[in-house]
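Notes follow the structure.
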Amino acid sequence: MNYQHTPYAKPDAYNALQIPIYQSAAFEFDTAEEMEAAFTGKSPEHCYSRITNPTVQYFEEKVRSITGAISVTALNSGMAAISNTFITLAHSGSNIVTSPHLFGNTYSFFKTTLADFGVEARFCDLTNLDEVKANVDKNTCAIFLEVITNPQMEVADLRALSEIAVKAGVPLVADTTIVPFCAWKAKDFGINIEVVSSTKYISGGATSLGGLIVDYGKFNWKTSYKLKDLASQVGPNAFTVKLRKEIHRNLGAYMTPQVAYLQTLGIETLGVRYQRAAETCLHLAEKLQKVDDIVSVNYTGLKDNLFYQLSSRQFGPLPGAMLTIDLESRERCFAFMNNLKMIKRATNLFDNKSLAIHPASTIYGSFTEEIWQSMNVRQETIRLSIGLENLECIINDIVNSLNQS
């Protein structure tokens, strides 16, 4: 079925074409028996919007229809999706094999927050398969990566990592925010759990914060120290049952109905917006390579990019709508940003407007020089998120700003 026509769980009383916003904390039951069944999970009825909500459920079903997942859980940010995922998977004494090339808060969550609970983050080069194998052991609860790292633009071989994960009996978890699921299929590359910041492409132009956990139901959770007992009861649903019946309820980060409504609207135009922004990004990257004042352009869709072949095999010719440029110094980066007229100086990715940020001084601004070096975050780098403006307008703003810097 076309996901645009995902049916409502129940017919709307007024045959509304858009899902109503069920702005209610709680829901009434006709009998105590029906109430008990809802609270104990024996019926699909909604009881409290911190746990489930009809508007949010419809958004989750839309995403499930696109991805082919067995379940989708919508939360109130991308970081909520990551934290809920790993609190479901990790336990004291376990480790996560990952790359140091991560979004700043993801790195901090692994390095500091989980460490306080006895979980070790093993940072290694995920493009070096021997190094990955050497770090995976009987206490590994997951291999985690960003499919294109932000802002380093590194690409690891997903099928090769999946083979390592399968052999070790651990799930492969991936943050796929940079290339949305309308453009490729994560499950085809062996990803077991997909986490997404739906704030980005999906929200329809930075309208709202949100996050998604997408479970493909392809992992044998009987090999998981934490989930093996549950897996003996519910099989491949063990992760989702643990997440939905305990973790997300207890952490209280479920998506709100207003956000779900906005993101349901956003997902209906996701394909066409992504195609436009990603095409513009590729053409922009090609043109910026010819600008003398730019030291380098990093976009994995460029044919001379180190990761071009691998990126093309995994994501096709349009690997997202984000690129980075390096200028000669931090000072030049700041001057360039200060002279921009149309491109907005703002964080976030995949707004309908083009955005520029200096990652080292902002997202990674509280980190030490040593951590910057380990994460390959450079003072000379500007990250550009490409929106829906005309290509020539974006180029002109960049060139004019460089000329004035």
Side-chain angles (χ1 to χ4, degrees), residues 9 27 29 31-54 56-57 60-61 63-65 67-75 80-97 114 117-119 136-144 162 164-174 186-187 190-196 211-255:
F27 303 85
F29 296 88
T31 67
E33 290 78 9
E34 290 179 2
M35 194 174 191
E36 177 190 34
F39 270 82
T40 57
K42 295 174 183 176
S43 84
E45 298 301 319
H46 302 280
C47 58
Y48 193 58
S49 284
R50 176 172 51 78
I51 301 169
T52 62
N53 174 279
V56 183
Q57 180 187 50
E60 292 169 334
E61 185 61 22
V63 176
R64 197 189 66 78
S65 297
T67 59
I70 63 165
S71 77
V72 175
T73 301
L75 299 164
I82 290 172
S83 59
N84 275 256
T85 294
F86 281 96
I87 291 174
T88 303
L89 292 175
H91 58 90
S92 181
S94 66
N95 65 72
I96 301 161
V97 174
L114 285 182
F117 294 90
V119 179
V136 173
D137 63 20
K138 62 183 179 63
N139 294 318
T140 302
C141 68
I143 298 173
F144 174 82
S162 176
I164 294 172
V166 169
K167 189 171 182 180
V170 301
L172 181 61
V173 182
K187 67 178 180 179
I191 292 171
N192 301 116
I193 304 293
E194 184 175 7
V195 294
V196 182
L212 296 166
I213 302 173
V214 181
D215 180 2
Y216 287 102
K218 299 295 185 181
F219 187 74
N220 178 13
W221 296 106
K222 291 181 180 179
T223 65
S224 166
Y225 174 87
K226 191 170 183 179
L227 299 177
K228 60 185 178 183
D229 292 340
L230 189 57
S232 67
Q233 303 171 39
V234 298
N237 293 307
F239 173 86
T240 287
V241 170
K242 180 75 169 177
L243 172 69
R244 301 285 309 213
K245 300 298 183 182
E246 177 192 339
I247 303 302
H248 106 71
R249 294 184 182 210
N250 292 348
L251 294 184
Y254 197 52
M255 182 175 280

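Note: hydrogens, waters and symmetry copies are ignored here, and every other heavy atom, side chains too, is used.
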Requested in this report: I would like to know whether Thr67 and Tyr216 meet side-chain contact (heavy atoms from CB on, under 4.5 Å); could you show each step before the answer?
Outcome: CA-CA 8 Å; Thr67 59; Tyr216 287 102; 3.7 Å; yes
**Report entry** Chi angles and distances behind the side-chain contact (heavy atoms from CB on, under 4.5 Å) call for Leu230, Trp221
**Finding:** CA-CA 8 Å; Leu230 189 57; Trp221 296 106; over 6 Å; no
Query - From CA spacing to verdict: side-chain contact (heavy atoms from CB on, under 4.5 Å), Leu89, Leu227 - result: CA-CA 8 Å; Leu89 292 175; Leu227 299 177; 4.2 Å; yes
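Considering all non-hydrogen atoms of both residues, Thr31 and Glu34 come closest at OG1-N, 3.0 Å. Across every non-hydrogen atom of Asp215 and Pro236, the tightest pair is OD2-O, 4.3 Å. Contact detail for Asn84 and Ala253: the closest heavy-atom pair is ND2-CB, 4.2 Å. Nearest approach of Gly169 to Thr223, heavy atoms of both residues: O-OG1, 2.8 Å. Summarising the geometry of Ala142 relative to Val173, their closest heavy-atom pair is CB-CG2, 4.0 Å, with the distance given to 0.1 Å. Listed here is the closest heavy atom pair of Cys47 and Phe39: CB-CE1, 3.5 Å.
Ala174 pairs by the side-chain contact (heavy atoms from CB on, under 4.5 Å) definition with Leu145, Val147, Thr176, Ile191, not counting sequence neighbours. Looking at residues two or more places apart in sequence or on another chain, you find a side-chain contact (heavy atoms from CB on, under 4.5 Å) between Ile96 and Phe86, Thr98, Phe110, Leu114, Val119, Cys141, Phe144. For Asp137, the side-chain contact (heavy atoms from CB on, under 4.5 Å) partners at least two apart in sequence or on another chain are Asn95, Arg122, Asn139, Thr140. For Ser92, there are no side-chain contact (heavy atoms from CB on, under 4.5 Å) partners at least two apart in sequence or on another chain.
Rounded to the nearest 0.5 angstrom, Ser232 OG and Lys222 NZ are separated by 7.0 Å. Of the inter-residue distances, the one linking Phe117 atom CZ with Ile87 atom CD1 reads 7.0 Å to the nearest 0.5 angstrom. The CD1 atom of Ile213 sits 9.0 Å away from atom OG of Ser71, with the distance rounded to the nearest 0.5 Å. The CD1 atom of Ile70 sits 10.0 Å away from the CZ atom of Phe239 when rounded to the nearest 0.5 Å. Interatomic distance, Thr88 OG1 to His248 NE2, rounded to the nearest 0.5 Å: 10.0 Å. To the nearest 0.5 Å, atom CG of residue Asn237 and atom CG of residue Leu243 are 12.0 Å apart.
Note on residues 243-252: pairs passing salt bridge (Lys or Arg N to Asp or Glu O under 4.0 Å), not counting sequence neighbours, are Glu60-Arg244, Lys242-Glu246. Listed by first and then second residue, the side chain to side chain donor-acceptor pair (under 3.5 Å) pairs involving residues 39-51 are Lys10-Glu45, His46-Thr52, His46-Gln57, Ser49-Asn53 (not counting sequence neighbours).
Atom NZ of Lys226 is surrounded by more than 12 heavy atoms from other residues, nucleotides or ligands within 6.0 Å. When the shell of 6.0 Å around CZ of Phe29 is examined, it contains more than 12 heavy atoms from other residues, nucleotides or ligands.
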